[in-house]
Engineer: 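Got a structure for you, questions after.
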Amino acid sequence: MLLALVFIPIAAAIAIWAGSPARLTAIVAGIINLVLGLIAASSWLTNPEIGSVTYSVLSKPDIALSFSLYDGMSVVMLLLSVIVLAAAVFSGQCPAGREKLWYSNTLLIAAGAIGAFLSDDLFFFYAFHELALIPTFILIGTLGRRNRKAAAWKITIYLAFGSMVLLAGLLWLVSATEVSSLSFDTLLAASIPGEAQKGIAALLLIGFGTLISLFPFHSWAAPAYASAPAPVAMLHAGVLKKFGLYGLIRLFPLVSEGMQHWLIVLIVLLLGNIIWVGFVTLNQKRLDTMLGNSSVMHMGYVFLAIAALIAAGGEGNSLAIPAAVTLMFAHGVSIALLFALADKVEKQTGTLELQELGGLASKAPTLAFFFGLAGMASIGLPGLANFSGEILVFLSGFANYDPAKGFGPVQIATIIALWGVVISAVYMLRAFRQTFQGPEASSVKSAKNLSLLELAPIGLLTLALLAVGLYPNLILQLLK
Amino acid sequence: MDITWLLFLLPIASAAIGWLLLNKQHTLAAYLSTASVIATFVISVSMLLAGKDTQASFNWASVGDFHVKIGFMADQMARGMMIVVTGVGMLVHVFSLPYMKKDAAKARYFACLSLFMFSMTGIVLSDNFLMTFMFWELVGLSSYLLIGHWYQKESAADAAKKAFLTNRIGDFGFMIGILMIWGIAGSVSFAGIADWASHVGTLTPLMTATLGAATLCIFCGAIGKSAQMPLHVWLPDAMEGPTPVSALIHAATMVAAGIFMMVRFFTCFETGEAHGAPEADHAAVSLIPSFAWTTIAVIGIVTSLAAAFMATQQDDIKKILAYSTLSQLGYMVMAVGLQGSEASMFHLYTHAWFKALLFLGSGAVIYACHHEQNIWKMGGLLKKMPITAITFLIATLALAGFPMTAGFFSKEQILHVANHQGGMLFFIPTVLVAILTTFYMFRLVFVVFFGKNRSENAEHAHEVGPLMFIPLIALTVMAVIAGYEGIAGQMAPLFHHEKVNFGSIEFLSSIGAFIVGLVLAFVFYFNKDEDKLSGNVLSKVFANKFYIDEFYAKLVRVFQDAVAAVVHFFDEILIGGILVGGLSRSAAGFGALFRRLHSGNLQGYATLFGAGALLIIYLTVFVF
Amino acid sequence: MPAFYLEIALVVLGLVLLMVEAFGPSKSKTYLGWLSLTGVLAIFAALFTVCPSASCSCDQLTRFYEFDSQAKFYKGFALITTALVILLSLEYRGTIKKFTTGTEEGSGEFYILPLFACAGMMLMASAKDLISIFVAIELVTITFYILVAYMRRNVGSLEAGVKYLILGALSTGILVYGIAWIYGITGTTELALIAERIPSLEGSRAPLLFGLALMVLAIGFKIGAVPMQLWIPDVYQGAPTPITAFLSVGSKAAGFAVALRLFEPFFGASLTSGPLLSLLLVLAALTILVGNLAALAQKNFKRLLGYSSIANAGFLLLAMAAWQPQGSESALSTYEVVSFYLITYLIMTMAAFFFLVTVYNTTGKETIASFNGLAKRNPLLALIGTIILSSLAGLPLTAGFYGKFYVFKSAISAASSGHPALWWAIAFGLVGAAAGFYYYFQTIRAMYWNDPKDPSKIPVSKISLALLVIAALALVVFGFYPQPLLDLAAAK
Amino acid sequence: MATLHEYLFVSGLLFAIGLAGVIARRNIIVIFMCLEMMLSAANLTLVAFSRFNTAETGLPDYDGQMLVFFIITVAAAEVAVGLAIIVALYRARQTVNVNDLTSLRG
């Protein structure tokens with residue numbers, strides 16, 4: 001079943017390429033995947049081996065094309081991927097005549113993400129992520145908006161650079177563990193001498209960090225998401241970016257000691273994400289770049305949980321990982337929803353310049369409702385998924401707080417990071433105010449409300465946000 | 001299942017149904033919402049009469065053995081507060097039915113009201129800080145939605161945004177406070193904190209300071225929600241919302257949530273009561289260092305005084321009431337800070353009724369005057385709409401602390417606390433605020449209801465319909481009787497008050513303040529067509545709210561927008577341009593250099609070959 | 001059957017075909033291509049019937065000639081490459097015709113001369129004596145002089161020929177001078193004896209290293225390592241495309257086969273292993289850097305492939321700098337890494353040249369701009385091109401990734417276990433690999449982002465199409481399932 | 001009799017002169033001649049080493065001299081091919097000056 005989850009999008013992409021009706025095939029594949037993903041996730045609770053497959057592909061080192069739901073984190077990420085994919089195939093405005101390119105590449109991006117999250121072999125975990133690189137490059141560069149070419153270059157070069165550094169880190173990690181198999185089971189059972197850990201940790205932080213748009217390796221993300229067609233932005237910002245976080249958390253036990261050396265650096269960088277990029281976001285004049293930057297900013301919170309995990313050291317911080325994963329899920333869904341909606345705004349008004357927008361709510365109340373909801377989610381309103389994640393992250397920041405000793409670096413970081421919640425509220429409400437409220441601008445005169453079909457993906461994402469927001473144990477029970 | 005859950009379920013269900021399913025059937029949505037609030041009121045009353053503490057919770061988020069719980073703790077304080085919330089809420093719903101009759105987005109309006117009822121219920125019944133925080137935010141959301149109900153208006157949209165953001169700043173502190181308390185006490189539930197406080201013994205200086213800091217951080221939340229200085233600026237602007245909303249949210253209930261929450265928090269430290277040892281009444285309270293208490297009290301009285309001054313020079317009927325609310329909230333905060341939680345809660349409770357009444361009354365006036373809000377364009381309305389006028393007058397008396405009205409008793413308590421716990425430093429400003437309160441309220445009454453009609457709208461005004469004046473009358477009743485022990489004592493023990501001592505300095509200054517304020521107002525404003533006091537420097541300062549809004553606007557422009565612009569600039573220049581751009585440029589530069597080596601000239605190649613060969617040989621033989 | 005019969009057979013076949021060319025029908029010469037292709041394939045088949053030297057009863061040439069698994073691999077490699085080059089030449093015949101006599105008549109030798117080069121490469125794979133190494137290398141080089149300059153009415157081809165000639169002869173000079181010194185110091189030209197004698201030559205370290213450096217330089221010319229890479233872009237650009245492919249795949253692989261054999265004795269002795277390692281490390285770092293960075297702004301696709309071949313040489317040198325003669329349970333030996341890398345390199349590079357020739361045959365240009373809008377002109381070709389270029393860039397899930405994977409893996413494990421200087425080379429390698437994404441993607445970008453000037457379809461010949469599809473499939477399939485490649489590379 | 005070092009010195013000189021010629025001259029024919037000179041230098045080195053490296057039998061080690069024959073042969077082939085190319089070039093471009101051969105660059 002897991003094999004199907006990965007290969008259905010690929011097969012659909014091939015089918016589209018070979019001539020089957022593009023949109024229909026993509027939608028069918030997306031829905032089948034969603035259903036399969038939900039089934040897999042729910043049956044995982046009773047049968048953790050569900051759908052595992054292993055095909056050895058290389059003997060030296062031992063590499064296997066091996067899929068399994070390795071732990072709850074994989075399950076959550078799988079859910080995120082299938083949900084966002086199902087929404088992404090519905091979203092966006094494909095220019096006539098380019099359906100093949102649009103849908104097949106969208107599916108390939110998703111296949112890469114799903115493959116990475118399901119692989120329980122380090123090699124394919126890495127490899128599947130890269131699968132998404134080319135379709136992203138092609139789609140942004142060919143069918144994106146505004147500075148599409150520059151943005152596509154930027155994202156590609158950054159990600160290539162990040163992947164290379166990451167590759168070096170992973171290879172070092174593998175050679176330091178002195179195991180012959182790259183399966184997570186074997187790797188995680190090994191240990192790495194402290195000396196090597198420091199270097200490996202640095203490479204992993206830079207490598208994964210670039211993929212996650214950790215400050216100061218973040219400047220690719222906002223322009224790329226702003227220029228990308230909606231499905232690409234949704235899948236990339238929503239799902240693929242989580243790959244790096246997933247990897248960091250997954251491999252963390254191997255380099256926990258080494259990470260300690262970089263704790264302060266990481267904290268400074270993550271605050272750079274939250275505060276620095278937060279301010280950058282404040283200064284955006286367009287809806288798309290604003291959303292792009294906001295997604296960069298929010299990565300800081302996940303890093304905060306990771307920093308808490310690092311700082312806890314031997315004591316352990318049982319909150320940090322569930323917090324990070326919940327927030328990853330929540331952010332993925334909410335940012336995908338926001339990009340989908342921003343695309344609708346552009347479709348209705350023809351612009352995303354905040355200056356040219358205004359009063360859209362009276363023409364398109366449903367759109368306004370969902371955008372408001374997604375915006376509120378992204379600024380952490382209780383009852384929506386992001387809050388569940390953020391609150392747990394903040395709690396994890398204080399989980400190892402000893403009042404008798406005063407604040408440690410992580411507590412101080414948590415407090416500063418909390419200011420980011422204010423910043424994000426400022427830019428999000430500003431954007432909402434500028435876009436939907438106030439008197440009608442000339443650009444919205446001919447705008448229409450969302451149609452029922454357009455509502456489908458949005459409703460799906462909203463449902464996910466609400467479900468996890470209202471009852472986070474839905475996710476957390478997977479993360480025990 | 002406990003019936004208390006219905007208090008949550010009914011409003012949220014009506015909100016969801018009203019907004020999502022009934023957005024075409026406006027009237028149905030309105031009735032649904034009203035029905036739900038009536039039901040919750042009935043439940044609240046039944047709970048109050050049952051007089052039983054109930055408690056239940058479920059795990060909302062659990063990680064290992066750490067659980068974030070959602071549940072309720074219906075103790076006496078919560079039950080009493082529920083009466084206020086659902087009672088005022090119910091009347092406001094009823095009042096809204098005619099008031100919002102012609103509004104195109106009635107369904108949304110009532111859905112938001114229901115959402116508010118849900119959120120407020122959550123705060124009141126919450127048994128732990130995290131749950132409080134969640135509903136705290138949701139209350140902020142419903143307030144945002146309701147202030148921005150007429151979002152097409154620039155001012156309404158801006159006011160809504162301002163309210164939300166200002167509250168966010170407070171919540172920033174609140175969350176830090178919660179986290180710190182969690183770190184210190186090891187629990188976020190009120191019971192857990194109380195348990196910790198009663199067992200902890202003495203604290204190290206660092207712990208004490210941390211606890212004080214945590215207290216102040218939590219207080220930040222209250223500053224935001226209860227609109228204390230320096231985050232008070234949103235509340236007057238919030239009057240952009242429909243008037244019934246102002247009555248419910250921005251006068252009676254939500255703004256009181258800050259007070260309620262602080263009292264809840266401090267109650268945790270009053271272990272004397274919890275453990276039945278009255279003499280240890282303030283033993284655990286003393287865990288919290290005095291700097292925290294003092295800060296709270298000072299912020300309260302400063303807000304109270306400043307807002308009272310501002311109120312004297314406003315011309316918008318709702319703004320006057322808004323500043324009055326600020327001022328009264330300042331009273332309550334001061335009382336909390338002076339460790340007079342009982343007085344504070346008592347005033348909160350009485351204030352809710354008559355301030356809601358004032359707002360609804362003003363709503364009726366505005367409605368009657370075709371949405372005219374400037375008091376100088378009204379006048380003589382006593383004859384046009386007697387019921388409204390009389391109820392409004394009674395509410396004014398209550399607010400001014402006229403003897404035997406509800407406000408009289410609670411203000412007495414506040415004065416008592418100020419005098420006994422705070423000393424002259426607090427007492428004199430408190431009395432001054434009392435004078436000012438009477439002054440500006442009667443200014444309002446004289447200008448609006450007496451004299452002659454000063455505009456066409458006022459001339460054509462007529463009494464409102466029964467659905468509007470029935471709530472007014474109901475509230476009037478409460479404004480009069482709510483202060484008596486028989487009623488107040490029913491609500492909760494915290495409202496319990498000492499007998500009024502007619503010879504005490506508090507009583508005398510209360511009466512004195514009332515008389516002075518009334519006389520001044522009469523002299524300056526009775527039968528006047530314009531404000532004689534306006535125009536001088538001082539009144540300009542008051543009218544312009546001490547220029548605090550302007551100052552904030554500048555502050556935001558400089559510290560947020562300018563910094564954002566600078567950071568954005570550096571982000572592109574420094575990181576995008578120099579760091580990354582520099583890397584890629586140097587790569588390209590080296591690339592160009594390398595390409596130039598391939599000049600196509602054979603001689604050049606031979607030279608480079610030779611040079612390279614020599615270098616390699618040198619390196620190999622002599623270096624490596 | 002002794003192995004050297006294969007080379008002899010190849011040379012004889014070449015001579016016979018030359019006779020046929022001279023005296024046979026002159027209208028069409030394509031049949032010569034097919035004949036020579038058949039011959040190469042037949043010899044490839046015969047390769048599997050040859051017994052290894054160790055178990056062979058014959059004792060001819062044993063001093064000069066080794067036939068072990070490595071030799072077998074590189075012989076097979078040379079034969080396959082030659083077969084593909086001949087096929088590519090057949091595809092390219094229009095251009096050859098145009099720039100030689102204007103008729104088919106002039107193109108006959110073009111299909112035959114590769115046989116001699118192939119024989120040279122096969123010899124290189126087996127040579128284990130400095131003399132046979134020299135002779136083998138020269139056989140290849142001289143054949144290539146002719147092939148590069150084959151299109152004698154094309155100024156570019158002639159210019160490339162002259163450049164290759166002069167610089168090639170220069171490297172020959174350097175090679176023999178180096179051989180002379182090594183011979184002088186060790187007193188032998190046999191690699192096995194050299195290995196025995198080096199440890200006792202403490203006193204002659206400097207002249208030994210002098211000779212070694214000269215030989216490294218000369219080998220560097222073959223494989224395109226800095227500073228001997230200068231000829232590559234010009235010659236690659238000017239030479240007939242099949243010959244460019246031949247140079248870039250066959251000649252380079254043979255160069256590495258020689259390098260592996262040649263360096264083994266020097267790596268084996270502590271006297272020379274340190275300097276050699278440092279030398280290779282520096283060369284690797286510089287080669288990667290020069291190859292990748294110079295390619296960044298390249299506008300000509302063929303020339304780009306030239307830089308790319310320099311870059312790939314750099315990665316292979318990096319693998320050699322991380323010298324690891326014995327594999328382990330989890331790691332490959334240097335021989336296996338290089339072989340593995342070369343297999344993937346063969347597939348991708350040959351495919352890239354077929355791709356180029358296909359587009360060139362229609363557009364008449366070799367610039368990146370000539371790929372503009374290929375996604376619209378021939379989507380299948382664009383897809384295949386994307387796969388090939390991704391593989392060249394080293395994208396995971398394509399075969400091209402594994403080569404780099406093994407190179408970096410062995411380099412990193414050497415770096416973290418005692419050769420920290422390698423980190424620098426690895427860092428350059430990472431920069432280079434990232435830059436690689438940029439310039440390979442330039443072409444993908446041209447295919448998808450840009451609009452074609454001429455929107456007409458691009459036809460693909462059946463042979464090219466079949467080969468391209470097979471290559472693209474192979475790249476993807478091996479991307480998921482690389483074990484067969486490893487089995488090939490590590491075959492004993 | 002001249003010592004090994006003297007031979008090596010001369011041959012080294014010859015090699016250097018050849019290299020210098022390749023670098024300095026512009027005429028392809030001359031360059032080609034210089035290249036041949038470099039090969040001769042190598043030959044001289046080989047012969048010298050061969051003379052002074054005695055084998056176990058006491059005779060000079062003839063391996064070096066054998067290699068010299070190979071080199072001479074190869075050089076002859078190289079010259080044949082090389083001159084043909086140069087002639088072709090001259091026919092096409094009417095020049096044998098290396099400075100005129102810069103159409104392939106960058």
Side-chain angles (χ1 to χ4, degrees), chain A residues 17 55-63 65 97 100-101 104 112 115 123-124 126-131 133-134 137-144 148-149 152-153 156-165 167-182 195-196 199-200 203, chain C residues 327-332 336 375-376 379-380 382-383 386-387 389-390 393-398 401-402 404-406 408-417 423 426-427 429-438 441-442 444-445 447-450 478-487 490:
Chain A
W17 208 89
Y55 304 105
S56 178
V57 301
L58 197 62
S59 54
K60 243 188 194 188
D62 197 349
I63 295 176
L65 180 63
K100 267 190 182 181
L101 196 67
S104 58
F123 180 86
F124 279 100
Y126 174 83
F128 269 107
H129 170 256
E130 303 286 294
L131 175 64
L133 205 57
I134 299 254
F137 177 76
I138 292 177
L139 266 191
I140 296 181
T142 316
L143 303 176
R148 59 191 167 91
K149 296 190 175 178
W153 269 128
T156 308
I157 298 306
Y158 263 93
L159 294 189
F161 167 78
S163 317
M164 282 299 142
V165 176
L167 179 64
L170 295 180
L171 288 174
W172 192 358
L173 180 137
V174 169
S175 78
T177 51
E178 294 177 338
V179 296
S180 61
S181 162
L182 296 194
E195 190 64 6
I200 296 172
L203 287 179
Chain C
S328 70
E329 197 182 324
S330 61
L332 301 186
E336 291 163 335
K376 285 182 185 151
L380 178 63
L383 180 67
T386 308
I387 293 173
L389 289 161
S390 312
L395 204 73
L397 298 188
T398 61
F401 175 71
Y402 291 94
K404 290 202 175 76
F405 171 77
Y406 279 125
F408 280 117
K409 188 166 179 296
S410 59
I412 283 171
S413 85
S416 58
S417 60
W423 284 120
I426 292 166
L430 294 176
V431 171
F437 277 94
Y438 180 83
F441 277 38
Q442 286 275 13
I444 299 183
R445 159 199 143 111
M447 294 190 293
Y448 286 92
W449 296 6
N450 297 344
F478 291 139
F480 278 93
Y481 183 57
Q483 185 65 36
L485 297 184
L486 181 63
D487 291 341

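Computed from a predicted model, the values in this text were never measured in an experiment. So you know, we letter chains A, B, ... as the sequences are listed, proteins then strands, and number each from 1.
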Engineer: Quick check on A:A168 against chain C: is it the side chain, the backbone, both or neither that has a heavy atom closer than 4.5 Å?
Structural biologist: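 Looking at A:A168, backbone and side chain both touch chain C.
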Engineer: In terms of heavy-atom proximity below 4.5 Å to chain C, should A:L101 be classed as side chain, backbone, both, or neither?
Structural biologist: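 Only the side chain of A:L101 comes within 4.5 Å of chain C.
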Engineer: Return the option, out of C:T386, C:L485, C:T398, C:I412, with the maximum number of heavy-atom pairs under 4.5 Å with chain A.
Structural biologist: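 Option with the greatest count: C:I412.
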Engineer: Out of A:V174, A:I138, A:D62, return the one with the most heavy atom pairs under 4.5 angstrom to chain C.
Structural biologist: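 Most heavy-atom pairs under 4.5 Å with chain C: A:I138.
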Engineer: Check whether any side-chain heavy atom of A:Y126 lies under 4.5 Å from a side-chain heavy atom of C:F405, and answer yes or no.
Structural biologist: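 Not in contact.
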Engineer: For residues A:V57 and C:F480, determine if any side-chain heavy atom of one lies less than 4.5 Å from a side-chain heavy atom of the other.
Structural biologist: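 They are not in side-chain contact.
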Engineer: Non-hydrogen atoms of chain A under 4.5 Å away: do they reach the side chain of C:L430, the backbone, both or neither?
Structural biologist: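 Both parts, heavy atoms under 4.5 Å.
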Engineer: Taking CD in A:E195 as the centre, count heavy atoms belonging to other residues, nucleotides or ligands within less than 6.0 Å. Is the count above 12?
Structural biologist: no
Engineer: Measure the shortest side-chain to side-chain distance between C:L380 and A:W17 over non-hydrogen atoms and say whether it is less than 4.5 angstrom.
Structural biologist: yes
Engineer: For C:K376, is it the side chain, the backbone, both or neither that has a heavy atom under 4.5 Å from a heavy atom of chain A?
Structural biologist: side chain
Engineer: Counting heavy-atom pairs under 4.5 Å with chain A, which one of C:S413, C:S390, C:P482, C:G394 comes out on top?
Structural biologist: C:P482
Engineer: Is C:P379 in contact with chain A via its backbone, its side chain, both, or neither, using a 4.5 Å heavy-atom distance?
Structural biologist: both
Engineer: So which residue, C:F408, C:F441, C:Y402, ends up with the most heavy-atom pairs under 4.5 Å with chain A?
Structural biologist: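 Among the listed options, the one with the most contacts to chain A is C:F441.
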Engineer: Taking only residues two or more places apart in sequence or in another chain, which ones pass ring-ring contact (aromatic ring centres under 6.0 Å, His included) with C:Y406?
Structural biologist: C:F340
Engineer: For A:S180, enumerate each residue passing the side-chain contact (heavy atoms from CB on, under 4.5 Å) test, keeping only those at least two apart in sequence or located in another chain.
Structural biologist: C:E329, C:S330
Engineer: Please classify the contact between A:S56 and chain C as side chain, backbone, both or neither, with a heavy-atom cut-off of under 4.5 Å.
Structural biologist: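 When you check distances to chain C, only backbone atoms of A:S56 fall under 4.5 Å.
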Engineer: Using a cut-off of under 4.5 Å for heavy-atom pairs, which of C:N450, C:I426, C:L397 has the most such pairs with chain A?
Structural biologist: C:L397
Engineer: Quick one: what part of A:L182 sits under 4.5 Å from any heavy atom of chain C, side chain, backbone, both or neither?
Structural biologist: side chain
Engineer: Measure C:S417 against the heavy atoms of chain A and call it side chain, backbone, both or neither at under 4.5 Å.
Structural biologist: neither
